[in-house]
Amino acid sequence: MSKLQAIRGTRDILPDEAAYWQTVEDTARNILQKAAYREIRTPIFEQTELFERGIGEATDVVGKEMYTFVDRGDRSITLRPEGTAGVVRSYIENNLHAAGGVQRLWYLGPMFRYERPQAGRQRQFHQIGVEVLGTDDPRADAEVIALATDIFKTLGLKNLHLAINSIGRGEDRDRYRQALVDYFTPYQEDLDPDSQDRLTRNPLRILDSKDPKTIEIAKNAPSILEYLGDDSKRHFDRLCALLSQFGIPYQPTPTLVRGLDYYTHTAFEIQSDDLGAQATVCGGGRYDGLVEQLGGKPTSAVGWAIGLERLIYLLQQLGKTVDRTLDFYLVSRGENAENAAASLSQQLRRSGFSVEMDLSGSAFGKQFKRADRSGAAACLVLGDAEAEAGTVNLKWLKTGEQETWMQSDLLAKADELREKLG
């Protein structure tokens with residue numbers, strides 16, 4: 001019988017690593033909730049048409065990377081390759097616009113793309129994302145960028161830089177598209193095959209090529225900033241002024257177009273100098289036409305997504321540690337003591353303490369060694385004598401100091417105990 005293993009491009013997140021995930025998720029959740037963002041949870045599979053219409057059939061995501069299948073109802077279904085299209089579909093279907101004002105939403109979950117697995121990127125990967133729907137105000141663009149920056153700073157990341165661009169409105173891009181065709185056509189034979197195909201279908205995608213020779217050719221391509229209309233220029237200039245006001249450094253990057261077709265105006269990436277080639281830890285921008293494109297009323301919107309695998313890989317590479325917060329490790333030996341320990345651990349948890357109870361039944365010496373490795377602040381010790389007397393021995397694991405408490409006092413003096421735990 002063959003050995004069963006995780007499918008290539010997927011991986012298990014084991015308990016020690018899961019602590020990183022929980023830290024990142026909790027950090028993001030706290031920051032986003034303080035900014036009045038509300039969580040939305042959408043299905044992990046949708047009609048294939050949603051992504052073809054939303055992301056764009058000429059993109060690599062739709063053309064090469066989607067997990068698409070026909071279900072038993074003879075419907076074409078796709079595992080979501082990104083989060084925005086599903087959020088917009090839900091926004092339209094559930095009439096979230098009817099509440100009026102601006103909808104600030106965030107999501108967390110797995111995405112799926114058939115790519116070559118590499119450090120920080122799997123075929124099943126996870127994203128935290130935000131979407132702000134119902135405003136074209138540049139302050140919304142600045143707000144979402146500032147929130148991503150706050151998340152990274154809170155996690156202790158440095159050596160990050162913000163690359164930002166404007167890809168304007170549709171009419172701006174039409175003018176720019178023709179300028180790119182005119183520029184790249186003489187180099188057509190020197191472009192990589194994908195870029196040759198994009199030259200007539202979507203020349204902006206050439207700027208997103210990873211082929212070294214194409215990148216070199218693109219260095220002298222016209223800048224989209226030269227083709228922006230007055231409204232697009234005002235939007236971009238206001239955003240840049242706000243970022244300066246917030247104290248967020250940025251680098252205008254005219255070749256930055258992002259890999260999805262729905263972007264308008266703002267496109268940005270937050271990149272790490274500590275990640276090598278796969279440097280982007282957050283990417284996003286404005287997509288003012290997507291809601292209407294998917295059947296809703298014209299609605300301006302902006303958002304971003306953070307790749308969790310890449311972010312956690314970065315935290316680990318930088319040696320960032322995640323503390324396991326455990327108040328008590330409870331050891332016991334003897335039937336009466338073990339029963340008392342089970343009851344005491346449950347009561348302490350209900351009082352708000354974190355408690356790990358040793359279930360091994362082994363000698364006290366072995367249990368004490370596990371207590372030392374547990375990372376707990378203190379070890380609680382119960383033998384049959386303590387169980388009969390209603391007491392418990394408490395040992396502070398950092399100092400070795402020992403105390404004897406009545407079990408009832410542990411609960412009655414919970415606030416005093418919390419102060420000692422720090």
Side-chain angles (χ1 to χ4, degrees), residues 13 15-41 83-84 87 102 104-111 119-121 125-132 139-164 239-240 242-251 266 268-276 278-285 302-327 352 354 375 377 418 421-422:
I13 300 168
D16 285 346
E17 185 184 352
Y20 283 91
W21 289 73
Q22 292 159 1
T23 297
V24 170
E25 292 164 7
D26 290 346
T27 298
R29 182 179 290 107
N30 291 337
I31 288 172
L32 295 174
Q33 286 179 345
K34 287 177 181 176
Y37 284 67
R38 298 183 299 158
E39 185 179 4
I40 184 170
R41 303 187 184 193
T84 299
V87 171
V102 175
R104 288 178 167 91
L105 306 172
W106 73 275
Y107 61 85
L108 164 67
M111 312 292 163
R121 171 54 67 91
F125 60 101
H126 298 75
Q127 290 183 338
I128 290 176
V130 303
E131 315 292 354
V132 179
R139 288 179 297 173
D141 306 38
E143 178 177 283
V144 299
I145 292 172
L147 288 170
T149 302
D150 288 345
I151 290 170
F152 294 137
K153 283 185 176 179
T154 303
L155 291 170
L157 295 184
K158 300 176 181 177
N159 300 324
L160 298 173
H161 63 272
L162 169 64
I164 192 166
L239 170 58
C240 291
L242 285 165
L243 293 174
S244 296
Q245 187 176 321
F246 292 174
I248 299 175
Y250 62 90
Q251 178 62 50
T266 306
F268 68 88
E269 291 181 351
I270 299 176
Q271 301 164 343
S272 168
D273 295 333
D274 298 311
L275 271 178
Q278 298 296 324
T280 301
V281 290
C282 176
V302 63
W304 52 248
I306 292 173
L308 292 187
E309 277 83 357
R310 193 169 293 174
L311 174 56
I312 289 164
Y313 175 76
L314 175 58
L315 291 172
Q316 293 171 329
Q317 291 296 107
L318 295 176
K320 301 291 182 182
T321 58
V322 178
D323 293 329
R324 181 189 182 196
T325 55
L326 183 63
D327 295 325
S354 56
R418 285 193 190 91
L421 288 165

| task | Identify the two heavy atoms, one from G156 and one from K320, that lie closest to each other, and give their separation to 0.1 Å. | result | O-NZ, 2.9 Å
| query | Is there a donor-acceptor contact under 3.5 Å from the side chain of W304 to the main chain of G129? | reply | no
| request: Report the distance from atom OG1 of T266 to atom CZ of F268, rounding to the nearest 0.5 Å. | output: 8.0 Å
Taking distance alone, no hydrogens or angles, what donor-acceptor pairs closer than 3.5 Å link side-chain atoms of residues 146-153 to residues at least two apart or in another chain?
from: T149; atom 1: OG1; to: I145; atom 2: O; distance (Å): 2.9

| With no hydrogens and no angle check, do the side chains of Y20 and E25 hold a donor and an acceptor under 3.5 Å apart? | no
| field | Criterion side-chain contact (heavy atoms from CB on, under 4.5 Å) on L315 and V24, from CA distance to verdict | value | CA-CA 10 Å; L315 291 172; V24 170; 3.7 Å; yes
| field | CZ (R41) with more than 12 external heavy atoms under 6.0 Å | value | no
| message | The test is side-chain contact (heavy atoms from CB on, under 4.5 Å); show your working for Y107 and I128 and say whether it passes. | response | CA-CA 6 Å; Y107 61 85; I128 290 176; over 6 Å; no
| request: Rounded to the nearest 0.5 Å, what's the gap from CD1 on I31 to CH2 on W106? Could you check? | output: 11.5 Å
| task | Kindly indicate whether the side chain of E269, heavy atoms from C-beta on, has any atom under 4.5 Å from the side chain of L162. | result | no
| Would you call L242 and I248 a side-chain contact if the rule is heavy atoms closer than 4.5 Å? | no
| field | Non-neighbouring partners of T23 that pass side chain to side chain contact (heavy atoms under 4.5 Å, CB included), sequence neighbours left out | value | T27, L155, V322
| said: Any salt bridge linking E131 with R104? Criterion: basic side-chain nitrogen under 4.0 Å from a carboxylate oxygen. | reply: no
| message | Within the structure provided, determine whether E309 and H126 are in side-chain contact (heavy-atom separation under 4.5 Å). | response | yes
| said: Let's go through E39 and Q33 carefully: what are the C-alpha distance in whole Å and the side-chain angles of both, what is the deciding distance for side-chain contact (heavy atoms from CB on, under 4.5 Å) to 0.1 Å, and is it a yes or a no? | reply: CA-CA 9 Å; E39 185 179 4; Q33 286 179 345; over 6 Å; no
| Which heavy-atom pair separates G352 from D327 by the least distance, and what is that distance? | O-OD2, 4.4 Å
| query | Is the count of non-hydrogen atoms from other residues, nucleotides or ligands lying under 6.0 Å from D16 atom CG greater than 12? | reply | no
| Intermediate values then yes/no, side-chain contact (heavy atoms from CB on, under 4.5 Å), I270 and T280 | CA-CA 6 Å; I270 299 176; T280 301; over 6 Å; no
| Side-chain donor-acceptor pair present, Q251, H161, cut-off under 3.5 Å | no
| So how far is it from L32 CG to R38 CZ, rounded to the nearest 0.5 Å? | 13.5 Å
| Does any N or O in the side chain of S272 come within less than 3.5 Å of the main-chain N or O of D274, such that one atom is a donor and the other an acceptor? | yes
| task | Locate the shortest heavy-atom distance separating A377 from L421; write the atom from each residue and the value. | result | CB-CD2, 3.6 Å
| said: Would you say that R29 contacts D26 through its side chain, given a criterion of any heavy-atom pair below 4.5 Å between the two side chains? | reply: yes
| query | Quick one: are Y37 and V130 in side-chain contact, heavy atoms under 4.5 Å? | reply | yes
| request: Report yes if some heavy atom in the side chain of E17 is under 4.5 Å from a heavy atom in the side chain of I312; otherwise report no. | output: yes
| request: Kindly indicate whether the side chain of P110, heavy atoms from C-beta on, has any atom under 4.5 Å from the side chain of F125. | output: no
